[in-house]
There are 2 protein chains.
Amino acid sequence: MLSKKTKYGLKALTYMAKKESKKPVLISEIAEEENISKKFLEIILLQLKNSGFLGSKKGKGGGYYLIREPEKITVASLIRVLEGPIAMLPCVSLNFYEKCDDCKNEETCSLSKLMIEVRDSTLKILENKSLADLTNSTMSL
Amino acid sequence: MLSKKTKYGLKALTYMAKKESKKPVLISEIAEEENISKKFLEIILLQLKNSGFLGSKKGKGGGYYLIREPEKITVASLIRVLEGPIAMLPCVSLNFYEKCDDCKNEETCSLSKLMIEVRDSTLKILENKSLADLTNSTMSL
DNA sequence: TAATAGTCTAGTTAATTAGTAGGTTTTTAA
DNA sequence: TTAAAAACCTACTAATTAACTAGACTATTA
């Protein structure tokens, strides 16, 4: 399951991507429109800024804005920043690999092959879906 | 990510399914072979018993045994019992559905369609993979 | 220079995870 | 019939994470 942080982050970015104008968007506006705690959203957007997805401007007329084009931002990359691993087990994660301390040898582990299969089918979707895809509600399945 | 409980449970059941004889298997044997804390494994196997996957026998010569044939037990059903929802969001879970309290309407939620897609591709794998599939290490991908 | 709006520090509360300790009950075999 | 075996039950615990909250600080702009 995705944490609320990840969910809120994705919703906030989608909200920003939907806006035509390039003007900075207020945290408070997003918080209100998407029913997210403003203080919590502050933390999330700051993290997305520090990860290179967002830029910000302080003071009046300030806010957050997308640095890259929505088409160039995959959902997979956002989940990795907000949530961490996408795989179901650390030992089959591509970006957050961790060795199993209980497995005798990973090659013969009964679970790892299955979990690699699940990981790949999930990545096939998430790597090919961009923020731009989230903005149009008539997204093809 | 799957919890260790789920991972241990799947590994323990796989270990049991691998055995040819129908004789009960000791918790302590599984714990030792799979490097799982025995006390923790007790809890897990008891839960699998209460969920109808395992039977047990007390006393000497006792232990746990599979009630159904490994071919008839899907990995999806095991994960649901041990872990809970397979979906990435409660609002797209088939077996553990929960309404989003922040979404204005679920139909137009940008995330839900994507998460349904991920859910379905994961289920396609996990519903069609049985305990028996986990026992042969030459499982086809 | 005052209002605006992001940033930083430092918490809190509740839930979950991953166990541990130790005793009880049931069954089997000597 | 009794002792050992092995599951079962009750009740903790420690560590981590999730989901926030409060309040002060800093930069910008009208």
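Chain identifiers are assigned alphabetically (A, B, ...) following the order of the sequence lines, protein sequences preceding nucleic acid strands; residue numbering begins at 1 within each chain.
Contact between the side-chain N/O atoms of A/Lys57 and the OP1/OP2 oxygens of D/dT29 is found at a separation under 4.0 Å. Distances shorter than 4.0 Å separate some side-chain N or O of A/Tyr8 from OP1 or OP2 on D/dC20. Side-chain nitrogen and oxygen atoms of A/Ser37 include none within less than 4.0 Å of the OP1 or OP2 phosphate oxygen of D/dA19.
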Chi angles and distances behind the side-chain contact (heavy atoms from CB on, under 4.5 Å) call for A/Ile116, A/Arg119: CA-CA 5 Å; A/Ile116 286 172; A/Arg119 177 199 72 192; 3.6 Å; yes

A/Glu127 and A/Arg80: CA distance, side-chain angles, deciding distance, salt bridge (charged side-chain N to carboxylate O under 4.0 Å, His left out) verdict: CA-CA 11 Å; A/Glu127 299 271 30; A/Arg80 288 204 182 97; 3.3 Å; yes

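If you take CD1 of B/Ile36 and P of C/dT17, they are 17 Å apart, rounded to a whole angstrom. In this entry the distance linking CD of A/Glu42 with P of C/dA10 reads 17 Å, nearest Å. Following rounding to the nearest Å, B/Lys4 (NZ) and D/dT16 (P) show an atom-to-atom distance of 12 Å. If you take CD of A/Gln47 and C1' of D/dA18, they are 13 Å apart, rounded to a whole angstrom. Between the P atom of C/dG19 and the NZ atom of B/Lys7 lies a distance of 10 Å, rounded to the nearest Å. Atoms NZ (A/Lys38) and C1' (C/dT4) sit 10 Å apart, rounded to a whole Å. A/Lys58 has its NZ atom 20 Å from the P atom of C/dA2, to the nearest Å. Here the P atom of nucleotide D/dA6 and the CD1 atom of B/Ile30 are 13 Å apart, to the nearest Å.
Between A/Ile43 and A/Ser56, it is A/Ser56 whose nearest contact on DNA chain C lies nearer the 5' terminus.
Within 3.5 Å, a donor on the side chain of A/Lys39 pairs with an acceptor on the base of D/dG23, or the reverse.
No engagement by A/Leu45 is indicated, since no non-hydrogen atom pair under 4.0 Å with the nucleic acid exists.
The number of heavy atoms from other shown groups lying within 6.0 Å of CD (B/Glu29) is above 12.
The SG atom of A/Cys91 sits 9.0 Å away from atom CE of A/Met115, with the distance rounded to the nearest 0.5 Å.
Both A/Leu2 and A/Leu13 are part of a single hydrophobic cluster, where members link through side-chain heavy atoms under 4.5 Å apart.
In the set C/dG6, D/dA19, D/dA7, the nucleotide with an atom closest to the side chain of A/Ile27 is C/dG6.
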